[in-house]
Structure formats: C-alpha cells, structure tokens
Amino acid sequence: MLRYAGLHAPLRVGAPDIVRPLLDPVLAAWPVAQEGADVADPAPFATLQPTDGGRWALDAPLAQKPLAQHNPVNAICDLVVEMSWERLRSHPDLLCLHAAALTFGDSLVIFPNARRAGKSLLTATLSQLGHAVFSDDFVPLSVDAQTQVIRGIANGIAPRLRLPLPDNLSESLDHWIAGRIGPRNKQYGYLTGIDLPQSGVTAPVGAIVVLEGDPTLTEPPTLTPMTQEEAMAVLVTQNFGRQVHAGAILRVTEVLTRSVPVLRLRYNAVEEAAALLHNSPALRDLSAARMPKADQPGMLPLAPLDLPAVKCRLPVDLGQTFCKLPDATECETGTSLFLADGSGVAIHRLNPVSAVIWKLLDTPLTGLEMVEVMQELYPDVPRDRLCGDVAGALAFLWQQRLIVPDAAG
C-alpha cells in the first residue's frame with residue numbers, strides 16, 4: 001500500500017519492483033507519506049498491477065468504469081486521473097480547474113484547458129525558460145482562511161507530452177525535451193528532471209492566459225486582454241468535481257476574472273509563444289487574487305451529489321404565477337448573466353430571454369405578464385413566438401431549480 005500525502009485512501013500496487021520504477025518518476029514530487037499495509041487503512045481508491053503479456057491493469061472502483069488492461073504508460077495516465085479525483089474526495093472544499101499552472105515570479109499563471117491548443121508542450125517550453133510547473137492538467141484552488149488569497153496547489157506530477165514531438169521545434173528545445181522524457185510509449189512521454197514543486201505547495205493566482213493555437217497563423221503570436229464576460233465563459237466550463245457549491249465556484253470565478261489580468265494568447269510556433277509570455281510586462285509583478293472577507297467559498301455548504309428530479313409540468317401554463325427560489329448566486333458581466341442554483345449543483349449562462357425573465361421575477365409574475373413586458377421590449381416579434389420563448393425559458397429555469405410556480409399566485 002502507498003499512502004500519498006494529502007490523499008485519505010491508499011493506492012495498492014502489485015509487483016512494486018516492476019511498477020515503482022515507472023510510477024515514481026511520474027509522481028516525483030508527490031511524497032509517499034506511508035508505505036506498507038496498516039490495519040487502519042481505508043479501502044484503496046485504486047489498484048495498479050502488472051498482468052500477462054506486459055500489460056498493466058488499473059482497478060478504480062469509484063470510477064465506475066470496467067476494468068481495463070493497458071500498456072504501462074497508459075495505465076499510469078489513467079491512475080493520474082484517479083489520483084486527481086481522490087484528492088477532491090479527500091478535500092471536498094477544494095475547487096479544481098482543468099488547466100495548467102506555472103510560476104511567473106512568486107505568482108501562478110493559469111492556462112485553462114483547450115483541446116489541441118498545445119498546452120503541455122507550451123508548459124514544457126516555459127519550464128525550459130525557468131518557470132516551475134505546478135500542473136499541466138488539473139489545478140486545485142483554495143482560499144486562504146486568513147488572507148482570502150486564492151491560491152493554486154502543486155500536484156507534484158510530471159507533465160505529460162503527446163508524442164512524437166512536432167518537427168518544427170528548434171534543435172536546442174528538441175534536445176532539451178528528449179533528454180528529459182522518462183516513462184513513455186508511442187502516444188505519450190512524461191517530462192522528468194524539471195523544476196516540479198512538491199505536491200501541496202501553494203502560490204497565489206496572479207493571471208489567466210487562454211490559449212488559442214492556430215496552425216494557419218503566419219504572424220508572430222499575440223497576447224491581448226479578454227473581457228470579463230469572455231473569461232467567465234471559459235472558466236466556468238473548466239471547473240470539475242461536483243462537491244463544491246456552484247455558488248462558491250461562481251464567486252471565485254467572478255473574483256478571478258475581475259481582479260487579475262486575463263489574456264488571450266493566439267499563436268502557432270510554441271517557442272515564440274513561450275518567449276512572448278516569458279518577457280511580457282503584463283505577467284510581471286502580479287498581484288494576488290483575493291476574495292472579499294465576507295464572501296468566502298467556505299461559507300457555502302457543499303453541493304448534494306443526488307437530488308430528486310424536478311417535476312416540471314410541460315407545456316408551461318402561462319397563466320401560472322412564478323417566483324424565484326431563494327439562495328441563487330448571480331453574476332452579471334457585460335451582456336451575460338451567470339447563475340448558480342441555490343442547491344449548488346450547477347452554473348448556467350442565461351440566454352437573453354431567460355435573463356430578462358429572471359430579472360422580471362424579482363416580484364412574482366404570471367407568464368402572460370412576462371409576455372406583455374417582452375412585447376414592449378420586442379414590438380416587432382409576433383406574440384405567439386414570444387409566448388413560446390417565455391414558456392421555454394420558464395421551463396428551463398424551473399427544471400434547473402431556479403424558479404417554481406408560486407403557490408400563493
């Protein structure tokens with residue numbers, strides 16, 4: 001049994017003399033707090049062991065996936081995912097982003113996940129330039145109880161690169177990466193021997209950079225500001241783990257996008273992009289994102305994992321009176337309205353009709369009264385279409401536990 005620091009449940013490893021030489025370099029900066037079985041140990045969150053024919057099997061009961069046999073590196077890739085979930089199970093008050101995170105000075109720059117944007121290769125290139133890698137895939141966030149500073153937590157896992165490497169890398173970078181690839185197969189290789197802070201080390205979040213890889217781009221890379229509305233839309237989709245109340249996620253996201261630089265990096269050549277980030281004045285002397293003292297995520301309950309289905313009667317009767325459910329968390333940025341329901345399960349970005357109806361329901365109204373208001377706002381839209389739009393918006397808000405028919409209406 002291996003009990004990794006910060007995880008409540010242990011990992012069971014079969015044939016450690018075979019598994020550990022590949023596993024340990026990947027988890028190089030995640031300390032093993034305890035080795036060996038203990039009668040007080042809870043059940044392992046996963047079991048990793050060799051099977052026949054050079055394959056490895058990962059059994060992770062809580063993942064609810066069938067037992068599969070992989071080549072060793074793919075099995076380790078799956079284990080890393082399960083370890084991220086076990087960290088959240090062990091510390092349910094953590095928020096977690098699908099993102100990379102690297103140090104710029106004393107602060108962290110967060111790079112939200114974007115498919116095929118070259119995030120891991122950019123992470124490796126920035127590592128060569130001296131930036132410590134907190135993560136290349138998932139970043140736990142916490143709010144310091146004393147200072148209210150939003151801090152990212154290092155996961156201690158080596159970055160994973162997709163192989164083969166692109167053929168447009170400079171000879172020096174290609175040689176630097178090739179000399180540090182540890183466990184590998186045809187698809188992936190883990191970058192070892194780099195500045196990898198120990199799991200659990202924290203640093204304040206100082207900036208967010210959204211990546212837009214563009215293989216057709218022939219101009220130099222650009223680093224430009226994003227609106228808070230754009231940034232909110234990106235970040236709320238990168239949170240994972242249902243245990244944190246959605247209201248807390250929305251509040252932290254709003255503070256992050258309002259208080260630190262949020263930039264868009266559009267690029268093709270990874271080394272040019274890394275040099276632009278490394279030398280950018282916008283990423284120097286960064287200030288920490290800080291929650292208002294009266295608005296900490298810890299003040300909100302954890303979200304329930306299971307809720308009974310909402311009984312929404314369809315089609316919606318526009319003659320009914322509707323009212324808001326209490327305790328929703330609201331954030332308005334630009335032309336977008338984001339809502340987290342009071343139960344804390346989900347975050348929604350409302351379309352224009354739903355946003356108008358939500359604001360109208362500061363006082364209980366019937367659907368027909370809402371149609372009248374919408375008719376004044378959109379005089380050129382046929383009434384039957386407005387009735388359909390209002391009914392659809394009411395059904396959505398009702399199903400998402402944001403409104404209910406008013407029993408007194």
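Atom set for the values below is all heavy atoms of this structure, side chains included, hydrogens, waters and symmetry mates excluded. Throughout, numbering of the chain's residues begins at 1 and tracks the sequence. None of these values were measured; they are calculated from a predicted model.
For A274, the side-chain contact (heavy atoms from CB on, under 4.5 Å) test picks out L122, T125, L126, L129, with sequence neighbours left out. Scanning for salt bridge (Lys or Arg N to Asp or Glu O under 4.0 Å) contacts around E230 gives R264, with sequence neighbours left out. Among residues two or more places apart in sequence or in another chain, the side-chain hydrogen bond (donor to acceptor under 3.5 Å, both in side chains) test is passed with T253 by none. Scored by the side-chain hydrogen bond (donor to acceptor under 3.5 Å, both in side chains) test, Q187 finds N74 as partners (sequence neighbours excluded). The ring-ring contact (aromatic ring centres under 6.0 Å, His included) test applied to W398 returns F322, not counting sequence neighbours. In terms of the side-chain contact (heavy atoms from CB on, under 4.5 Å) criterion, residue partners of Q228 (sequence neighbours excluded) are, by chain and number, M232, E254, T257, R258, T333. Partners of N71 by side-chain hydrogen bond (donor to acceptor under 3.5 Å, both in side chains), not counting sequence neighbours, listed by chain and number: N185. Residues meeting the side-chain contact (heavy atoms from CB on, under 4.5 Å) test with N351, sequence neighbours left out: V353, S354.
Expressed to the nearest 0.5 Å, how far CG of D59 lies from CD of E82 amounts to 10.0 Å. Note that CD1 of I403 and NZ of K324 are 10.5 Å apart. Values are rounded to the nearest 0.5 Å. Here the CE-CG distance, from M291 to L256, works out to 8.5 Å after rounding to the nearest 0.5 Å. Atom CG of L48 is separated from atom CG of D78 by 10.0 Å, given to the nearest 0.5 angstrom. Here the straight-line distance linking atom CD1 of I181 with atom CG of L191 works out to 5.5 Å at 0.5 Å rounding. Note that the CD atom of E372 and the CD atom of Q375 stand 7.0 Å from one another [nearest 0.5 Å].
Heavy-atom contacts from other residues, nucleotides or ligands closer than 6.0 Å to CG of D285 number 12 or fewer. Heavy-atom neighbours of H8 NE2 from other residues, nucleotides or ligands within 6.0 Å: above the threshold of 12. Residue R385 qualifies as open at atom CZ: its count of foreign heavy atoms under 6.0 Å is 12 or below. A 6.0 Å sphere centred on CG of D195 holds more than 12 heavy atoms belonging to other residues, nucleotides or ligands.
For residues 342-391, the set of pairs meeting the ring-ring contact (aromatic ring centres under 6.0 Å, His included) definition, not counting sequence neighbours, comprises H348-F396. Among residue pairs with one or both ends in residues 268-283, those qualifying as side-chain hydrogen bond (donor to acceptor under 3.5 Å, both in side chains) are H131-H278, S170-E271; sequence neighbours excluded. Within the structure, ring-ring contact (aromatic ring centres under 6.0 Å, His included) pairs that include any residue of residues 182-218 do not occur (at least two apart or interchain). Sorted by first then second residue, the ring-ring contact (aromatic ring centres under 6.0 Å, His included) pairs that include residues 203-229, not counting sequence neighbours, number zero.
Judged purely by atom type and a 3.5 angstrom limit, S84 uses its side chain to pair as donor or acceptor with the backbone of V81. Remark: side-chain polar atoms of T103 are paired, donor with acceptor, to backbone N or O of A132 under 3.5 angstrom. Under a 3.5 Å cut-off, the side chain of K119 and the backbone N or O of A99 do not form any donor-acceptor pair. The closest donor-acceptor contact from the side chain of R55 to the backbone of P50 lies at 3.5 Å or more, if one exists at all.
Looking at heavy atoms from C-beta onward, V209 lies in side-chain contact with L223 at the 4.5 angstrom threshold. F111 is listed as a side-chain neighbour of L277, based on a closest heavy-atom distance under 4.5 Å. Side-chain contact between L79 and H70 is absent, with no heavy atoms from C-beta onward closer than 4.5 Å. Between I153 and F134, the closest side-chain pair of non-hydrogen atoms is not below 4.5 Å. Annotation: side chain of V210 is not in contact with side chain of L265 (no heavy-atom distance under 4.5 Å). Residues M1 and L11 have side chains not in contact (no heavy-atom distance under 4.5 Å, counting atoms from C-beta outward). R89 places a side-chain heavy atom less than 4.5 Å from the side chain of L62. You'll find the side chain of T147 stays beyond 4.5 Å of the side chain of P204, heavy atoms only.
Judged by distance alone, the side chains of S135 and D137 never bring a donor and an acceptor atom under 3.5 Å apart.
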Going through the distances and angles, do L2 and R20 end up as a side chain to side chain contact (heavy atoms under 4.5 Å, CB included)? CA-CA 11 Å; L2 302 177; R20 293 289 297 272; 3.3 Å; yes
Applying side chain to side chain donor-acceptor pair (under 3.5 Å) to R180 and S127, what does each step give before you reach the verdict? CA-CA 12 Å; R180 288 164 176 79; S127 176; over 6 Å; no
Full working for side chain to side chain contact (heavy atoms under 4.5 Å, CB included) between V236 and I249: CA-CA 8 Å; V236 296; I249 295 172; 5.6 Å; no
Starting from the C-alpha separation in whole Å, work towards a yes-or-no answer on side chain to side chain contact (heavy atoms under 4.5 Å, CB included) for L350 and I357. CA-CA 10 Å; L350 301 190; I357 288 175; over 6 Å; no
Using side chain to side chain contact (heavy atoms under 4.5 Å, CB included), reason through S199 and R87 one step at a time and then give a plain yes or no. CA-CA 11 Å; S199 176; R87 185 191 285 272; 2.8 Å; yes
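When every heavy atom of T192 is checked against every heavy atom of P25, the shortest pair comes out as CG2-O, 3.8 Å. Smallest separation of non-hydrogen atoms from W30 and A5: NE1-O, 2.8 Å. When all heavy atoms of G367 and V390 are compared, the closest pair comes out as O-CG1, 3.9 Å. Between L235 and L97, the closest heavy-atom pair is O-CD2, 4.2 Å. In terms of heavy-atom proximity, V109 sits nearest to L286 at CG2-CD1, 4.0 Å. Across all their heavy atoms, G206 and P261 have their closest contact at O-CD, 3.2 Å.
Looking at D144 and R151, no side-chain N of the basic residue comes within less than 4.0 Å of a carboxylate O on the acidic one, giving no salt bridge. E229 and R349 are joined by a salt bridge, as a carboxylate oxygen and a charged side-chain nitrogen come within less than 4.0 angstrom of each other.
Of the residues listed (D214, T222, T224), the one engaging R266 in a side-chain hydrogen bond (donor to acceptor under 3.5 Å, both in side chains) is D214, and it is the only one.
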